[in-house]
Amino acid sequence: MLTKTQVQEALLHIGDMFPEAECELTHSNPFELLIAVVLSAQCTDALVNKVTPGLFEKYIKPEDYVEVSQEELEQDIRSIGLYRNKAKNIKKLSQSLIEQYNGEVPQTREELMSLAGVGRKTANVVASVAFHTPAIAVDTHVERVSKRLGICRWKDNVREVEETLMKKIPKEQWAQTHHRLIFFGRYHCKAKSPQCHICPLLDMCREGQKRMKKQEARHG
DNA sequence: AACTCGGGGCA
DNA sequence: TGCCCAGAGTT
């Protein structure tokens, strides 16, 4: 596994590669953020951003989602995937906010995770972006990149990946690290075709070196 | 631990 | 045009 200093070095390189890796979520209020992140499960932010403007004009508060019919809400989010689950979860979640939290979005990860459609990743994103709770949200990009680079172990589960990242990275860098690893994973260290041949991290990346060796062997 | 949900994106 | 992606919940 990489040491703290090696992780720092890797993050600096990634920062150079993606200077634009800043927070993509700029929702003015926690409720809209929560809905947007729940919607974004299993699809890209770009896709969600197509429906949210209209959605947030029509639905302002939890009551609006509770009062609308399941079918109508499904139609309003039809263009993203998994719309039946998501519509159901959003109605249920809104009901919980009204019944248990006076219509407000709760601030702790535990409370957030108790809501329908909110798992560990979503809870971390909302807690950190809306309420500035230090957290590292581990999505598949962050997990894959952390494992390939050797920031954590291959066998680690999501919780362990999260703990290792928090241990090896200073708290004030968590938010930035989250975005850097996402950009790096999405555009460079991709699941199917990682760009190892042009990667500035190749020297410190065991997985990358393994892949390059395999490639060499195939060619000659 | 493996499967399901369901679109859009892309080869 | 068919394979691939993404996160939460269920079994």
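Just so we're on the same page: letters track the sequence lines, and every chain starts at 1.
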Which part of the nucleic acid, if any, lies within contact of V38(A), taking any heavy atom under 4.0 Å across all strands shown: a base, the sugar-phosphate backbone alone, or nothing?
nothing

Applying ring pair (Phe, Tyr, Trp, His ring centres under 6.0 Å), name anything that partners Y59(A), two or more places apart in sequence or on another chain.
Y65(A)

Is L115(A) touching bases, backbone alone, or none of the nucleic acid, heavy atoms closer than 4.0 Å?
sugar-phosphate

May I ask you to say what L82(A) touches in the nucleic acid, namely base, sugar-phosphate or nothing, with a heavy-atom cut-off under 4.0 Å?
base

Considering only the P atoms, how many Å lie between dA11(B) and dA6(C), rounded to the nearest integer?
15 Å

On DNA chain C, more 5' by nearest nucleotide between M113(A) and T44(A) is T44(A)

Where does the chain A footprint on DNA chain B start and end, counting 5' to 3' with a 4.0 Å heavy-atom cut-off?
dC5(B) to dG9(B)

R120(A) bridged to E162(A) by N-O distance under 4.0 Å
yes

Any residue of residues 83-97 of chain A with a heavy atom less than 4.0 Å from an atom of DNA chain B:
Y83(A), R84(A), N85(A)

Residue list, ring pair (Phe, Tyr, Trp, His ring centres under 6.0 Å) with H188(A), at least two apart or on another chain:
F184(A)

Donor on one side chain, acceptor on other, E74(A) and Q70(A), under 3.5 Å:
yes

Does dA8(C) have OP1 or OP2 sitting under 4.0 Å from an N or O in the side chain of T122(A)?
yes

Co-members of L202(A) in a cluster of I, L, V, M, F, W and Y side chains, linked at under 4.5 Å:
M212(A)

Selection from dA6(C), dG7(C), dC4(C) that lies nearest to any side-chain heavy atom of R144(A)
dA6(C)

Could you say whether H141(A) or G117(A) is positioned toward the 5' end of DNA chain C, judged by the nucleotide with the nearest heavy atom to each?
H141(A)

Between CD of Q42(A) and P of dG9(C) the distance, given in whole Å, is 12 Å

Would you write the dot-bracket representation of DNA chain C, where each base gets (, ), [, ], | or . depending on whether it forms a Watson-Crick or G-U pair under 3.5 Å and with which partner?
|||||.|||||

Base, sugar-phosphate or nothing for G81(A)? Non-hydrogen atoms, less than 4.0 Å.
base

R120(A) CZ - dG9(C) P separation (whole Å):
13 Å

For C43(A) and K50(A), take the nucleotide of DNA chain B holding the closest heavy atom to each; which residue's nucleotide lies nearer the 5' end?
C43(A)

CZ of R186(A) versus C1' of dC4(C): gap in Å, rounded?
16 Å

Using a 4.0 Å heavy-atom cut-off, does A191(A) contact any base of the nucleic acid, only the sugar-phosphate backbone, or nothing at all?
sugar-phosphate

